[in-house]
Amino acid sequence: MSDRKWRALTLGDVATLEYGAALPATIRFGDEFPVFGSNGEVGRHSAALIKGPGIIVGRKGTVGALAWSRHDFWPIDTAYYVKVARNFDLRWFYWALSQLGLRRLDSSTGVPGLNRNDVYRLAFKVPPIIEQRQIAAILDVLEEQIASSSLVVQKLQDLHKGLLMSFFEGDSVRNSCRWIPLGDLVDRNRPIVYGILMPGEHFPNGVPVVKVKDMKTGSISPDGLLLTSPSIDREYRRSRLQAGDVLLSIRGTVGRVCIVGPQLNGANITQDTARISLPNSLQRFAAHYLTSPDAQRFIDSETVGLAVRGINLRDVRRIQIPILPKGQAEMVVDALDASRFALNCEEARLSKLTQLMESLARDLLSGRVRVPEQAAS
């Protein structure tokens, strides 16, 4: 059986952080080689200072931030580049550095700075070179999948925004429909209200309370909802939820929108959210419109405050909702539902990949999970 023992070393045993060299933007020309500062690539230049591939570490400003260059590169004087002993895989070393918490080593009380001696004292475990390469290959595959998924998410976000703009903006749209204030459309028996001021501590078997942080990508995450006491819920019975209610965040992070699902029938909300009760035929349509650039511009224009920003209910009631012919409205809702569903699915995939990367990187780089010996040989 081969020797697969890991060694306990300090970073200073195997690597050094070297200073970059000043290269002001005014004297850079050409675009052949990347130029790196403390927060990643900051430009291009016709010449390189260091032969790639290489690792760049933020020294001033964005302390401890890591960047990777596949090609020859120029690190400027706000960054270090890394020199590693020959019997180490450079890509594995990049991943190992990502787990050492370099961002916490700010040694300055003014402008943040990274002291090399602090880095050199960091301890870490080092596997044999073959296992280093295998670990790096696994993490690289996951990184590529995350990058690919991130690109798909961005494209789907752009598509969805484009659909919202095509359906709700432009003179042809504005002239072809009626515009009615949101407050005139709600159920008069369930007016637009905000929720509980102080929901209290988590109360076992209590009433679920939706907070702004629970409102994500058009829906509500039911996991980890705060449960308030029945007595507090009774005090705020006015803001209890029914399936199909539209929620709009009105304080702190303003402008998030979602629809209440049947599993949260009878739940409640906090003071940071407005409940909007609409006829069934308008619920999904209005929810989509409230996320449109047109509606979000109005919401932003009426949002005030410095420490905590918010929009009051009077202005929420003033939001103009377009009323389209029934067939046209259904077409708009179906298209936007499909677009949002595709976006939600890809965002969920990206979230799972990111979580997998974080947990697997911790386990593989600490040795808690080992690469099978036949795979590492």
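These numbers come from the heavy atoms of this one structure, side chains and all, not from hydrogens, waters or symmetry mates.
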Q) Can you name the residues that form a salt bridge (charged side-chain N to carboxylate O under 4.0 Å, His left out) with Arg318, not counting sequence neighbours? A)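 Listed in chain order: Glu302, Asp315.
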Do [X] and [Y] have side-chain heavy atoms sitting under 4.5 Å apart?
| X | Y | answer |
| --- | --- | --- |
| Val119 | Leu102 | yes |
| Ile135 | Glu131 | yes |
| Gln154 | Ser150 | no |
| Ile196 | Gln271 | no |
| Arg275 | Gln242 | no |
| Thr228 | Glu201 | no |
| Phe203 | Pro230 | yes |
| Leu350 | Val152 | no |

Q. Under the side chain to side chain donor-acceptor pair (under 3.5 Å) criterion, do Ser239 and Asn268 qualify, and how do the steps go?
A. CA-CA 6 Å; Ser239 54; Asn268 218 312; 2.6 Å; yes
Measure the [atom1]-[atom2] distance between [X] and [Y] for me, rounded to the nearest 0.5 Å.
| X | Y | atom1 | atom2 | value |
| --- | --- | --- | --- | --- |
| Ile55 | Leu66 | CD1 | CG | 7.5 Å |
| Ser277 | Arg188 | OG | CZ | 13.5 Å |
| Asn344 | Arg349 | CG | CZ | 15.0 Å |
| Ser281 | Leu185 | OG | CG | 9.5 Å |
| Leu9 | Lys125 | CG | NZ | 12.0 Å |
| Leu278 | Ile321 | CG | CD1 | 7.5 Å |

Restricting to non-hydrogen atoms, name the atom on [X] and the atom on [Y] that form the minimum distance, rounded to 0.1 Å.
| X | Y | result |
| --- | --- | --- |
| Leu225 | Pro208 | CD1-CB, 4.0 Å |
| Pro293 | Leu164 | CD-CB, 4.0 Å |
| Ser339 | Leu163 | CB-CD1, 3.7 Å |
| Ile192 | Gly183 | CD1-CA, 4.4 Å |
| Trp6 | Pro127 | CE2-CB, 3.3 Å |
| Ile299 | Ile311 | O-CD1, 4.0 Å |

Q: From the options Ile220, Val209, Ile269, select the one residue that forms a side-chain contact (heavy atoms from CB on, under 4.5 Å) with Leu264.
A: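 By the side-chain contact (heavy atoms from CB on, under 4.5 Å) criterion, Leu264 pairs with just one of Ile220, Val209, Ile269: Ile220.
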Side-chain heavy atoms nearer than 4.5 Å, only ILVMFWY residues, links allowed to pass through others: does that put [X] and [Y] together?
| X | Y | result |
| --- | --- | --- |
| Leu49 | Ile27 | yes |
| Tyr236 | Leu313 | yes |
| Val257 | Ile259 | yes |
| Val316 | Ile323 | yes |
| Val153 | Leu142 | yes |

Q) Does any pair with a residue in residues 262-287 pass ring-ring contact (aromatic ring centres under 6.0 Å, His included), and if so which ones, sequence neighbours excluded? A)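 Those involving residues 262-287 are Phe168-Phe285.
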Q.
Let's go through Tyr289 and Phe167 carefully: what are the C-alpha distance in whole Å and the side-chain angles of both, what is the deciding distance for side-chain contact (heavy atoms from CB on, under 4.5 Å) to 0.1 Å, and is it a yes or a no?
A. CA-CA 9 Å; Tyr289 175 71; Phe167 289 142; over 6 Å; no
Just wondering, are more than 12 heavy atoms of other shown residues or ligands nearer than 6.0 Å to [atom1] in [X]?
| X | atom1 | answer |
| --- | --- | --- |
| His71 | NE2 | no |
| Arg178 | CZ | no |
| Asp184 | CG | yes |

Q) Going through the checks in order, is the side-chain contact (heavy atoms from CB on, under 4.5 Å) test met by Arg297 and Glu169? A) CA-CA 12 Å; Arg297 280 193 295 270; Glu169 296 192 18; 3.0 Å; yes
I'd like to know if the side chain of [X] and the backbone of [Y] have a donor-acceptor N/O pair within less than 3.5 Å.
| X | Y | result |
| --- | --- | --- |
| Gln320 | Leu182 | no |
| Ser249 | Gly255 | yes |
| Asp89 | Ala136 | no |
| Thr62 | Ala65 | no |
| Asp77 | Ala21 | no |
| Ser359 | Gln355 | yes |
| Arg190 | Arg240 | yes |
| Ser301 | Phe298 | yes |

Q) Please walk me through it: do Ser69 and Ile56 pass side-chain contact (heavy atoms from CB on, under 4.5 Å)? A) CA-CA 8 Å; Ser69 178; Ile56 302 92; 4.1 Å; yes
Any pair with a residue in [range] that passes side-chain hydrogen bond (donor to acceptor under 3.5 Å, both in side chains), sequence neighbours left out, goes on the list, sorted by first then second residue, please.
| range | value |
| --- | --- |
| residues 7-17 | Thr10-Asp13, Thr16-Glu18 |
| residues 250-260 | Arg251-Asp272 |
| residues 30-59 | Glu41-Arg44 |

Thinking salt bridges, do [X] and [Y] make one under a 4.0 Å N-O criterion?
| X | Y | answer |
| --- | --- | --- |
| Arg104 | Asp118 | no |
| Lys352 | Glu347 | no |
| Glu346 | Lys155 | no |

Q.
Pair Leu241, Val210 - check side-chain contact (heavy atoms from CB on, under 4.5 Å), show working.
A. CA-CA 10 Å; Leu241 304 179; Val210 178; 4.2 Å; yes
Q | Option from Tyr120, Tyr19, Phe36 for which ring-ring contact (aromatic ring centres under 6.0 Å, His included) with Tyr80 holds | A |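 Testing each of Tyr120, Tyr19, Phe36 against Tyr80, the sole residue satisfying ring-ring contact (aromatic ring centres under 6.0 Å, His included) is Tyr19.
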Show me the donor-acceptor pairs, under 3.5 Å and distance only, between side chains in residues 92-101 and residues at least two apart or in other chains.
residue : atom : partner : partner atom : Å
Trp95   : NE1  : Asp140  : OD1          : 3.0
Ser98   : OG   : Trp95   : O            : 2.4

Q) Do Ser149 and Gln145 meet the criterion of a side-chain donor-acceptor pair at a distance under 3.5 Å? A)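 The answer is no; no qualifying pair exists.
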